[in-house]
Protein chains: 2
Amino acid sequence: MTEPTQVQVEQLTRAFERFTRRFKVAEAAAATDNALNALDAETLVFIGNNPGCGMGDVARYLNVALTTMSSAIDRLVRRSLIERRRTEDDRRSLALTVTHKGRQAIDDHVAAYRELCRIMLRSLDPREQDELIRLTEKIAGTQA
Amino acid sequence: MTEPTQVQVEQLTRAFERFTRRFKVAEAAAATDNALNALDAETLVFIGNNPGCGMGDVARYLNVALTTMSSAIDRLVRRSLIERRRTEDDRRSLALTVTHKGRQAIDDHVAAYRELCRIMLRSLDPREQDELIRLTEKIAGTQA
DNA sequence: TTGAATACTACGAGTTTCGTACTATCTTGA
DNA sequence: TCAAGATAGTACGAAACTCGTAGTATTCAA
């Protein structure tokens, strides 16, 4: 926890702007036709990581209104990517799980994300690659 | 240009997921009431950096339909953040410039972005801070 | 000078988000 | 035990946004 200098902050700001732009373009180019919108994709991934979760869990995690999440769930069910069942113990709740097709969609999504990470790493030499991973982990892991 | 290993790619993928989540939450928390949506904000920033540019320039840069950009420009003009004038030399074209109020909005936007960068850097010690900046610049600068 | 290209606008359809109001179910405490 | 409130989710409609089609005005080019 060392306070960065003004100059460092500005350097990173500029570098990150170019960085973001570069990978936004790459992501747009990779988008396929039957791609999910951002919310649906994040919802699907969350359900994949939290099988049996309820709608409210996803809504809280992704910070959207419950009705918005209801729509997203509807879309994912309609496309057979997830299943929505009432639970036994609390019959108000839903238990959400991904289908086989949903699992495949997640895998595709992860593969695309991974490809972006690969492109990032390819710009660096081996020592730098490990260093970037280490620094990213350190930043991601620090509590606010 | 060194091909990263499978393990490295997966490490970075996981680290980057946590990283992205952490800063998405931070960004959501920073969002104010009169905030612009993503397209409008990017449009405003581009016009700030390219005063006198035309609508097509922005649309091509941000990779959206011309009619979408027309709507975004409308919104920004309505909120007095930019000015839209016909040019002398080509009277089909618009010359877009930010207003004083628009410049302030950009400054606020940049300040928020910079604050995110500051939070990232604060997680690191001084040598790591410089290293992160260097690596980000290197990745951002590499041609696809 | 006329036909194609360019820069942009008008309009309307489709999608998404979200607030309000609602149903169904559970929980709690008198 | 049962009534009041809390909780999980849905139905519906308004507002915002993106974009395709069709149009106007202007410039370019042969």
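Side chains are part of it too, since the values below use all heavy atoms of this structure and drop only hydrogens, waters and symmetry mates. Proteins get letters first, then strands, A, B, ... in listed order; numbering begins at 1 in each.
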Colleague: Respond yes when some side-chain nitrogen or oxygen of A:Arg84 is under 4.0 Å from OP1 or OP2 of D:dT10, and no when none is.
Modeller: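 Answer is yes, contact under 4.0 Å.
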Colleague: Can a salt bridge be assigned to the pair A:Glu137 and B:Arg14 using a cut-off of 4.0 Å between side-chain N and carboxylate O?
Modeller: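 Not counted as a salt bridge, because no side-chain N and carboxylate O are separated by less than 4.0 Å.
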Colleague: Round to a whole Å and report the spacing from CE of B:Met55 to P of D:dT26.
Modeller: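 Taking CE of B:Met55 and P of D:dT26, I get 16 Å after rounding.
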Colleague: Could you tell me from which nucleotide to which nucleotide of DNA chain C, 5' to 3', there is an atom under 4.0 Å from chain A heavy atoms?
Modeller: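 From 5' to 3', the first and last contacting nucleotides are C:dT16 to C:dC26.
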Colleague: For A:Ile73, report the nucleic acid contact type (base, sugar-phosphate, nothing); a contact means any heavy atom under 4.0 Å.
Modeller: nothing
Colleague: I need the CZ-C1' distance between B:Arg78 and D:dA16, as an integer number of Å.
Modeller: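 Distance check: B:Arg78 CZ to D:dA16 C1' gives 11 Å.
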Colleague: Roughly how many Å is it from CG in B:Asp74 to P in D:dA15, rounded to a whole number?
Modeller: 19 Å
Colleague: Would you kindly compare A:Asp90 and B:Gly54 by the position of their nearest DNA chain C nucleotide and give the one closer to the 5′ end?
Modeller: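 Result: B:Gly54.
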Colleague: State which of D:dC19, D:dT7, D:dG9 makes the closest approach to the side chain of A:Leu94.
Modeller: D:dG9
Colleague: NA contact type, B:Ser93, heavy-atom cut-off 4.0 Å: base, sugar-phosphate, or nothing?
Modeller: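 Since only primed, P, OP1 and OP2 atoms lie under 4.0 Å of B:Ser93, the category is sugar-phosphate.
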Colleague: Step by step, work out the side-chain hydrogen bond (donor to acceptor under 3.5 Å, both in side chains) result for B:Arg21 and A:Tyr61.
Modeller: CA-CA 10 Å; B:Arg21 163 116 189 115; A:Tyr61 179 78; 3.2 Å; yes
Colleague: Starting at CG of B:Leu66 and ending at P of D:dT18, how long is that distance when rounded to a whole Å?
Modeller: 14 Å
Colleague: Calculate the interatomic distance between B:Glu42 atom CD and D:dT18 atom C1'; express it in whole Å.
Modeller: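 Atom-to-atom, B:Glu42 to D:dT18, this comes out as 14 Å.
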Colleague: Between A:Ser70 and B:Ala65, name the one whose nearest nucleotide on DNA chain D is closer to the 5' end.
Modeller: A:Ser70
Colleague: Going by side chain to side chain contact (heavy atoms under 4.5 Å, CB included), A:Arg75 matches just one of A:Leu36, A:Ile82, A:Leu39. Which one?
Modeller: A:Leu39
Colleague: Given A:Val98, which partner from the list A:Val45, A:Leu76, A:Ile47 fulfils the side chain to side chain contact (heavy atoms under 4.5 Å, CB included) test?
Modeller: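 Exactly one candidate clears the test, A:Ile47.
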Colleague: Closer than 4.0 angstrom, basic N to acidic O: yes or no for B:Arg79 and B:Asp40?
Modeller: no
Colleague: Checking the side chain of B:Arg86 only, and the main-chain atoms of B:Arg92 only, is there a donor and an acceptor separated by less than 3.5 Å?
Modeller: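 Between the backbone of B:Arg92 and the side chain of B:Arg86 there is a qualifying donor-acceptor contact (under 3.5 Å).
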Colleague: Output the rounded distance in Å from CG (A:Asn37) to P (D:dA16).
Modeller: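 Going from CG in A:Asn37 over to P in D:dA16 covers 20 Å.
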Colleague: Rounded to the Å, how far apart are A:Asp89 CG and D:dT7 P?
Modeller: 17 Å
Colleague: Using atom types as modelled and distance alone, determine if a side-chain donor or acceptor of B:Thr136 lies under 3.5 Å from a backbone N or O of A:Ala15.
Modeller: no
Colleague: Could you check how far CZ of A:Arg92 sits from P of D:dA8, rounded to whole Å?
Modeller: 6 Å
